[in-house]
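What follows is a short report on a single structure.
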Amino acid sequence: MPRLRIQIRDLSKTFREGGREVPAVSRVSLDILDKEFVALVGPSGCGKSTILNMIGGLIAPSAGQMLIDGAPVRDVPRQVGYVFQKDTVFPWRTVTRNIALGLEYRGVTGPEQGRRVGEAIRLAGLAGFEEAFPATLSGGMRQRVALMRTLIVEPEILLMDEPFGALDTHTKLNLHAELLALWEAKHQTVVFVTHDLSEAITLADRIVVLTRRPGRVKMIHEVKLPRPRDVIKLRESDEYAQQYSQIWHVLGEEFAGHAV
Ligand SMILES: Nc1ncnc2c1ncn2[C@@H]1O[C@H](COP(=O)(O)OP(=O)(O)OP(=O)(O)O)[C@@H](O)[C@H]1O
Ligand SMILES: [Mg+2]
């Protein structure tokens, strides 16, 4: 029986600013198992990044509990790697120096650092661009750099906030295939935030549909598609279409604004 990795219990977050209160997340409960790939989907502003920030120890809950491996999250948990929503590659650092940053933070230097960065560059298909600066890369390549900077420290829990949101469909599909291959090898526990339902179905074991703000759990859907998944062929299958329409039936209401 896989062990429980992340326990979210009745979690709420209300932001207070200049006398104004913004309830962002309301009474979310969710258990995430070790090695599970979970996607959070919901409309813009429904609290997806806020939930991820609470898992990552970057903001404190207003109420409820957030546990990782049975312990309440206070600081940034050592098990966690985070790929942020905004492009967080540093423009003044080369590809090599950007990827090395994750290791620098953890004090890994010298030949060990060089070996691991070299391996990450190869895995990400960035060979030949070691000394390139981000401004000279495509959006997809920059996201690969950001992803590798996080993966290089081998986090057991990977938090990803719309990492491919700004990319075209073709680049996205390539990155989905690469991410799935990396995940098949290491089986990190992944919490992946997106508005893109196709992306969630392609990648995840379970999809958590959130309501409009304040985000509540509206539905948890198990994605019944075998692995390993072929990201192109998958989309032609009847099973994929079935999953899509089942979830869209519920998620579409939140986008359309019909729900209360
Ligand atoms: N630091 C903050 N201070 C005040 N309000 C905030 C803060 N962070 C988020 N909010 C508010 O909380 C709500 C949820 O924001 P959040 O960024 O979690 O949404 P999201 O689901 O990630 O949206 P998107 O899909 O657009 O990224 C929004 O109304 C936002 O304005
Ligand atoms: Mg967000």
Side-chain angles (χ1 to χ4, degrees), residues 37 39 48-50 52-59 68 73-194 196 199 203 231:
F37 199 129
K48 301 181 295 296
S49 298
T50 303
L52 220 55
N53 284 338
M54 289 191 276
I55 302 175
L58 300 176
I59 58 176
I68 291 189
V73 172
R74 296 196 205 287
D75 223 331
V76 177
R78 62 173 169 76
Q79 303 93 321
V80 164
Y82 208 135
V83 182
F84 290 96
Q85 183 164 8
K86 284 191 219 90
D87 189 355
T88 51
V89 169
F90 293 110
W92 59 87
R93 286 186 160 231
T94 62
V95 165
T96 297
R97 300 314 307 154
N98 261 292
I99 294 177
L101 199 65
L103 292 174
E104 281 173 26
Y105 285 147
R106 299 200 177 203
V108 180
T109 55
E112 166 72 3
Q113 186 190 90
R115 189 186 61 72
R116 284 170 68 175
V117 172
E119 168 75 4
I121 286 175
R122 193 184 58 73
L123 270 176
L126 290 165
F129 293 89
E130 289 84 351
E131 299 312 313
F133 285 93
T136 67
L137 303 176
S138 71
M141 290 163 94
R142 273 200 296 275
Q143 280 312 86
R144 286 195 183 102
V145 173
L147 182 59
M148 280 303 154
R149 190 179 60 201
T150 303
L151 288 181
I152 200 166
V153 298
E154 305 200 334
E156 293 170 15
I157 299 172
L158 189 55
L159 307 179
M160 304 182 80
D161 195 351
E162 309 207 35
F164 311 137
L167 304 173
D168 66 273
T169 309
H170 177 246
T171 308
K172 245 190 199 187
L173 285 174
N174 279 331
L175 286 167
H176 290 161
E178 287 170 28
L179 176 62
L180 283 179
L182 291 165
W183 181 78
E184 294 287 349
K186 299 270 184 199
H187 277 284
Q188 299 94 341
T189 305
V190 184
V191 188
F192 189 105
V193 162
T194 179
D196 178 348
E199 178 167 73
L203 298 173
V231 303

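- The aromatic rings of Trp92 and Phe90 are tilted relative to each other, their planes meeting at an angle between 30° and 60°.
- Using a 4.0 Å cut-off between charged side-chain N and carboxylate O, Glu104 and Arg93 make a salt bridge.
- Using a 4.5 Å cut-off on side-chain heavy atoms (C-beta onward), Phe164 and Leu179 make contact.
- A side-chain donor-acceptor contact under 3.5 Å links Arg142 to the backbone of Leu137.
- With hydrogens and angles ignored, the 3.5 Å screen pairs no side-chain donor or acceptor of Arg149 with any backbone N or O of Gly102.
- Looking at Gln188, its side chain never comes within 3.5 Å of a backbone N or O of Leu158 through a donor-acceptor pair.
- With hydrogens and angles ignored, the 3.5 Å screen pairs no side-chain donor or acceptor of Asn98 with any backbone N or O of Val89.
- In plain terms, the two heavy atoms of Ile68 and Ile55 that are nearest each other are CD1-O, 3.6 Å.
- With contacts defined as side-chain heavy-atom distances shorter than 4.5 Å, the pair Met54/Val73 does not qualify.
- Taking all atoms of both residues into account, the shortest heavy-atom contact from Val153 to Thr150 is CG2-O, 3.3 Å.
- Using modelled atom types, no side-chain atom of Thr194 and backbone atom of Glu199 make a donor-acceptor pair closer than 3.5 Å.
- Between Phe37 and Phe192, the ring planes lie tilted relative to each other; the angle falls in the 30° to 60° range.
- Thr189 places no side-chain N or O within donor-acceptor distance of the main-chain N or O of Ile157, the cut-off being under 3.5 Å.
- Contact record, Pro77 with Gly57: CD-N, 4.2 Å, taken as the closest heavy-atom pair.
- The nearest pair of heavy atoms linking Val95 to Leu126 is CG1-CD1, 4.3 Å.
- Checked by atom type, the side-chain pair Tyr82/Asn53 shows a donor-acceptor distance below 3.5 Å.
- Ion pair Glu156/Lys186 not flagged as a salt bridge, since none of the NZ, NE, NH1 or NH2 atoms sits closer than 4.0 Å to an Asp/Glu carboxylate oxygen.
- Across all their heavy atoms, Pro155 and Gly81 have their closest contact at CB-N, 3.4 Å.
- Salt-bridge annotation for Arg116 and Glu119: absent, with no side-chain N of the basic residue lying under 4.0 Å from a carboxylate O of the acidic one.
- No side-chain heavy atom of Leu175 sits less than 4.5 Å from a side-chain heavy atom of Lys172.
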